[in-house]
Amino acid sequence: MNDTPDSYRTTDLAQRRERGIAAYARIFDAPEETLPAAMARLVGPLFAEEVFLAAGGPAWYHPAITDRERHLVIITALAAQGVVDSDRLDSHIQQALRAGVDYESLAAMMTLVTNYIGQAYGSQAMQAVQRVADSNAPTSAPDS
């Protein structure tokens, strides 16, 4: 059974591209108007366009998945593949935090996931969680 609303399965490539750009702008906290050129520099123009079309599809906008769930799944998938560089994983951890996931939940999730993906990938991903959590921690005033 296919319950995907028609509005999420658009065949309008321009609309799908714009939704993809908007999704990546949220992920990387970047202005939409600068994103196409930045992505083209990063991965080449052809690949960037493909990425925008994919991100503009139903997976990123389907109402059955909340932003919180979406980022938890992506964090898990990236960790399982060993993708722990600061740009990709950190941005999704940051988005998960913005969507209401707290550090304790991320730590528990990474501990569980490590049993399935292995210690090496799990510990690297947990380091990313810790890095993002540390960068978001309120700074205390120096002792007088």
Side-chain angles (χ1 to χ4, degrees), residues 1-140:
M1 178 172 208
N2 190 348
D3 293 332
T4 305
D6 287 339
S7 63
Y8 296 96
R9 290 185 290 176
T10 183
T11 57
D12 179 345
L13 293 182
Q15 180 186 18
R16 194 168 173 153
R17 179 182 186 272
E18 292 306 311
R19 288 194 323 197
I21 291 169
Y24 270 93
R26 279 194 324 272
I27 292 166
F28 292 114
D29 197 23
E32 287 183 34
E33 59 274 5
T34 65
L35 200 60
M39 286 292 283
R41 282 191 306 276
L42 185 65
V43 296
L46 182 63
F47 196 88
E49 288 303 314
E50 188 66 25
V51 166
F52 294 142
L53 292 175
W60 276 98
Y61 290 92
H62 200 286
I65 303 171
T66 66
D67 281 343
R68 181 183 193 278
E69 295 163 338
R70 192 172 287 113
H71 289 292
L72 290 175
V73 168
I74 292 168
I75 291 166
T76 302
L78 291 173
Q81 296 176 70
V83 179
V84 294
D85 67 4
S86 61
D87 288 341
R88 287 187 181 94
L89 187 57
D90 286 17
S91 64
H92 285 288
I93 293 169
Q94 189 71 252
Q95 290 296 314
L97 291 169
R98 288 182 189 144
V101 179
D102 61 12
Y103 170 81
E104 186 176 343
S105 297
L106 285 170
M109 181 187 78
M110 289 315 312
T111 303
L112 174 64
V113 166
T114 296
N115 290 308
Y116 294 91
I117 67 173
Q119 190 67 35
Y121 287 164
S123 63
Q124 289 177 332
M126 189 59 212
Q127 286 176 334
V129 168
Q130 189 65 47
R131 179 176 57 243
V132 172
D134 287 348
S135 72
N136 285 308
T139 56
S140 57

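Just so it is clear, the structure is predicted and the values come from calculations on it, not from any experiment. These values consider heavy atoms only, across backbone and side chains, with no hydrogens, waters or symmetry-generated copies. Numbers here simply count residues along the sequence, with the first being 1.
Residues L89 and A125 come closest through the heavy atom pair CD2-CA, 4.0 Å. Across all their heavy atoms, I117 and A80 have their closest contact at CG2-CB, 3.5 Å. Closest of all the heavy-atom pairs between A55 and A23 is O-CB, 4.1 Å. Closest heavy-atom contact between Y61 and A22: OH-CB, 4.0 Å. The two residues S91 and D87 have their closest heavy-atom pair at OG-O, 2.9 Å. Closest non-hydrogen pair, P36 versus E32, comes out as CD-O, 3.2 Å.
Contact of the I93 side chain with the M110 side chain is not registered, since no non-hydrogen atoms from C-beta on lie closer than 4.5 Å. In this structure the side chain of Q94 reaches within 4.5 angstrom of the side chain of N136, judged on heavy atoms. Using a 4.5 Å heavy-atom threshold, the side chains of L78 and H92 count as touching. In this structure the side chain of L72 reaches within 4.5 angstrom of the side chain of M109, judged on heavy atoms. D12 has its side chain out of reach of R16: every pair of non-hydrogen atoms, C-beta onward, lies at least 4.5 Å apart. Using a 4.5 Å heavy-atom cutoff, the side chains of F52 and L35 are in contact.
For E69, the CD atom counts as densely surrounded, since its 6.0 Å shell holds more than 12 non-hydrogen atoms of other residues, nucleotides or ligands. A 6.0 Å sphere centred on CD of E33 holds more than 12 heavy atoms belonging to other residues, nucleotides or ligands.
When atom types are taken as modelled, the side chain of R19 and the backbone of P58 share no donor-acceptor pair closer than 3.5 angstrom. The backbone N or O of R26 sits less than 3.5 Å from a side-chain atom of Q95, completing a donor-acceptor pair. A side-chain donor-acceptor contact under 3.5 Å links Q81 to the backbone of A77. A donor-acceptor pair under 3.5 Å is absent between the side-chain atoms of Y24 and the main chain of M39, judged by distance alone.
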- Message: Is there a side-chain contact (heavy atoms from CB on, under 4.5 Å) between M126 and T114? Walk through the geometry before answering.
- Response: CA-CA 9 Å; M126 189 59 212; T114 296; over 6 Å; no
- Message: side-chain contact (heavy atoms from CB on, under 4.5 Å), that's the test. Do L53 and L13 meet it? Break it down for me.
- Response: CA-CA 7 Å; L53 292 175; L13 293 182; 4.2 Å; yes
- Message: What verdict does the side-chain contact (heavy atoms from CB on, under 4.5 Å) test give for L106 and I75, after you've listed the backbone C-alpha separation in whole Å, the side-chain angles of each residue and the deciding distance to 0.1 Å?
- Response: CA-CA 9 Å; L106 285 170; I75 291 166; 4.1 Å; yes
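Ion pairing between a basic and an acidic side chain is recognised when a charged N comes within 4.0 Å of a carboxylate O; R131 and D134 show no such pairing.
Between the CD atom in Q119 and the CD atom in Q124 there is a gap of 10.5 Å [rounded to 0.5 Å]. T66 contributes atom OG1, which lies 9.0 Å from atom NE2 of H71 (distance to the nearest 0.5 angstrom). Separation of atoms OG1 (T34) and CZ (F28) is listed at 12.0 Å; rounding is to 0.5 Å.
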